[in-house]
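Because the structure is a prediction, the values reported are computed rather than measured.
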Amino acid sequence: MAKVILKNVGKIYPGNVRAVENFNLEIDQGEFVVMVGPSGCGKSTTLRMVAGLEEITEGTIQIGDRVVNDVPPKDRDIAMVFQNYALYPHMTVYQNMAFGLKLRKFKKAEIDQRVRDAADILGINELLERRPKALSGGQRQRVAVGRAIVRKPAVFLFDEPLSNLDAKMRVQMRTEISRLHTRLETTMIYVTHDQVEAMTMGDRIVVMKDGFIQQVATPTDLYDSPANIFVAGFIGTPPMNFFEVTLTGQGEKLTLTEDTFTLPVPPAWRERLAPYAGKKVTFGLRPEDVGSPRAESTAGVPHIKATVEVVEPMGSETYLYMNTGRNSFIARVDSHRICRVGERVDLAVVLDKGHVFDSQTTLVVV
C-alpha cells in the first residue's frame with residue numbers, strides 16, 4: 001500500500017474546458033477515500049489522472065515516494081476497476097484474472113496461487129471455468145475486482161463500479177468491497193455519484209462540484225457539519241431542507257422568521273448570527289429533525305405549521321412532503337402518525353440540529 005498525494009492538480013481539455021481545478025488531497029496508506037459529486041464534477045477525470053489514463057495539465061501526483069506525472073499507467077503500481085467490467089469475452093474467469101500476471105511474466109505456479117486466493121476471497125471459485133457471458137452483473141464485477149486483487153497493487157482505483165447493478169446487488173457489493181478493504185488494508189480511491197455509497201464505504205469523503213473540492217471529511221462530519229449549502233443538500237437521503245428566512249430582532253430576541261413561523265435563535269448561535277440581523281439567510285434542517293418522535297416528545301420546542309402535500313409510508317417511518325406556503329420541506333415522522341393530504345399540521349423542530357447559511361456565499365455560518 002502507498003500514500004497518494006495530489007498537489008494543485010488541474011485538467012484543461014481543448015477549447016479551454018476546465019474539468020478539475022486546484023485539487024489538493026493527501027490520502028494516507030491503507031485509507032479508503034471516496035470522491036462523490038454530480039455528473040460532470042470532475043471526479044472520474046481526477047481518478048483517471050491518478051491512473052495515468054488522462055494527462056495532467058497542472059500540478060503533481062505522487063504515489064508512494066514517486067511523482068508519477070510522466071509514469072505510464074502500467075508502471076504506477078495501481079489496479080483499476082471500471083464501471084463496465086472490461087472483461088475479455090473469449091477468456092474464462094480464470095484466464096481473465098491471470099492475464100495481467102502473464103503479461104508481467106509471473107511464474108505459472110504463482111499465477112495459479114494468486115488467482116485461487118483472490119477467487120476464495122471473493123467467493124467465485126466455482127466460476128473460474130465460465131466465460132463472462134455466463135455470469136450475472138454482480139459476478140462479472142467480482143471477477144473485475146479479482147483481476148485487480150491478483151496484482152497486489154499499492155493502490156486500488158474504482159470508477160463507479162456498481163452503477164450497472166440493480167439496487168439489491170449494489171448493497172451487497174458495496175458491503176463486499178468494504179469487507180475487502182478491511183481484509184487487504186490497501187489504499188483505495190473510489191468514485192461514485194451515489195452519496196449513499198460514499199457515506200457507507202469511505203473513511204473520508206471528497207465532495208466535488210464543477211471541478212472544485214467542496215469539502216473533505218469523515219461521513220459523520222459531512223452529515224453533521226456541512227461546509228456549504230451544496231454539501232448539505234447533496235449528502236443525506238432525503239436531503240436537508242432549506243428555508244429562506246429573515247433574521248429579525250437582536251440580542252436575546254433574535255429570531256428566524258418566515259411568513260408562517262418564527263423560530264428563536266439558540267443562545268450558542270447569537271454571536272455568529274448577530275451581523276446578519278435584518279438580512280435574509282438560509283436555514284437548513286434535516287428531515288429527521290422536524291416532526292420526529294424525539295422532537296414531538298420534548299416539551300417547549302418550537303413548531304413549524306405546514307400543509308401535507310404527499311405522504312410516503314416507508315415501513316419503519318413516514319416521509320411527509322410539506323409546504324408552508326413559501327417553503328417546501330420533508331419531515332421524517334413516526335410510522336404510526338396519521339396525516340392526510342391537505343391537512344395542516346404542527347411539527348416540532350429540533351432547532352439546535354439546524355444550520356444557518358449565508359444566502360449570498362452559500363457558506364455555513366453556524
> As an exercise, state the distance from CD of Gln141 to CE of Met173, rounded to the nearest 0.5 Å.
5.5 Å
> Can Lys3 and Glu26 be counted as an ion pair, charged N to O under 4.0 angstrom?
yes
> Answer yes or no: does atom CG of Asp65 have more than 12 heavy-atom neighbours from other residues, nucleotides or ligands under 6.0 Å?
no
> Keeping the roles fixed (side chain from Lys43, backbone from Pro38), state whether a donor-acceptor pair exists under 3.5 Å.
yes
> With under 30° as parallel and over 60° as perpendicular, where do the rings of Phe32 and His181 fit, or are they tilted in between?
perpendicular
> Taking Asn24 for its side chain and Asn8 for its backbone only, find out whether a donor-acceptor pair lies under 3.5 Å.
yes
> Cluster question for you: counting only ILVMFWY and a side-chain heavy-atom cut-off of under 4.5 Å, with indirect links fine, are Val115 and Phe106 together?
yes
> Does the side chain of Thr362 pick up a donor-acceptor pair with the side chain of Asn228 at under 3.5 Å?
no
> Evaluate side-chain hydrogen bond (donor to acceptor under 3.5 Å, both in side chains) for Thr307 paired with Asn323, printing each intermediate quantity in order.
CA-CA 5 Å; Thr307 302; Asn323 193 299; over 6 Å; no
> Please enumerate all residues that pass ring pair (Phe, Tyr, Trp, His ring centres under 6.0 Å) together with Phe261, with sequence neighbours excluded.
Phe243
> Indicate every side-chain donor-acceptor pair of residues 122-136 with a distance under 3.5 Å to a residue at least two apart or in another chain.
unit_1, atom_1, unit_2, atom_2, d
Arg131, NE, His90, O, 3.1
Ser136, OG, Gln139, N, 3.3
Ser136, OG, Gln139, OE1, 3.4

> Quick check on the hydrophobic clustering: are Phe99 and Leu87 connected, directly or via other members, by side-chain heavy-atom contacts under 4.5 Å?
no
> Would you call the rings of Phe283 and Trp269 parallel, tilted or perpendicular, where under 30° means parallel and over 60° means perpendicular?
tilted
> Take Glu54 and Thr45, measure what side-chain hydrogen bond (donor to acceptor under 3.5 Å, both in side chains) needs, and give me the verdict at the end.
CA-CA 7 Å; Glu54 293 278 0; Thr45 299; 5.5 Å; no
> Can we say Arg326 and Glu244 salt-bridge, meaning some charged N sits less than 4.0 Å from an Asp/Glu carboxylate O?
no
> Would you say the side-chain atoms of Thr248 and Thr246 include a donor-acceptor pair closer than 3.5 Å?
no
> Indicate, with yes or no, if Met49 and Met80 share a hydrophobic cluster defined by side-chain heavy-atom contacts under 4.5 Å among Ile, Leu, Val, Met, Phe, Trp and Tyr.
yes
> Taking atom types as modelled, is there a side-chain donor on Ser335 or Ser316 under 3.5 Å from an acceptor on the other?
no
> Does a side-chain N-to-carboxylate-O contact under 4.0 Å join Glu317 and Arg332?
yes
> More than 12 heavy atoms of other residues, nucleotides or ligands under 6.0 Å from CD of Gln250: yes or no?
no
> Only one of Thr218, Ile235, Asp194 forms a side chain to side chain contact (heavy atoms under 4.5 Å, CB included) with Met199, so which one is it?
Ile235
> Same cluster or not: are Tyr88 and Leu103 linked, directly or through other Ile, Leu, Val, Met, Phe, Trp or Tyr residues, by side-chain heavy atoms under 4.5 angstrom apart?
yes
> So does Tyr13 have more than 12 non-hydrogen atoms from other groups sitting under 6.0 Å from OH?
yes
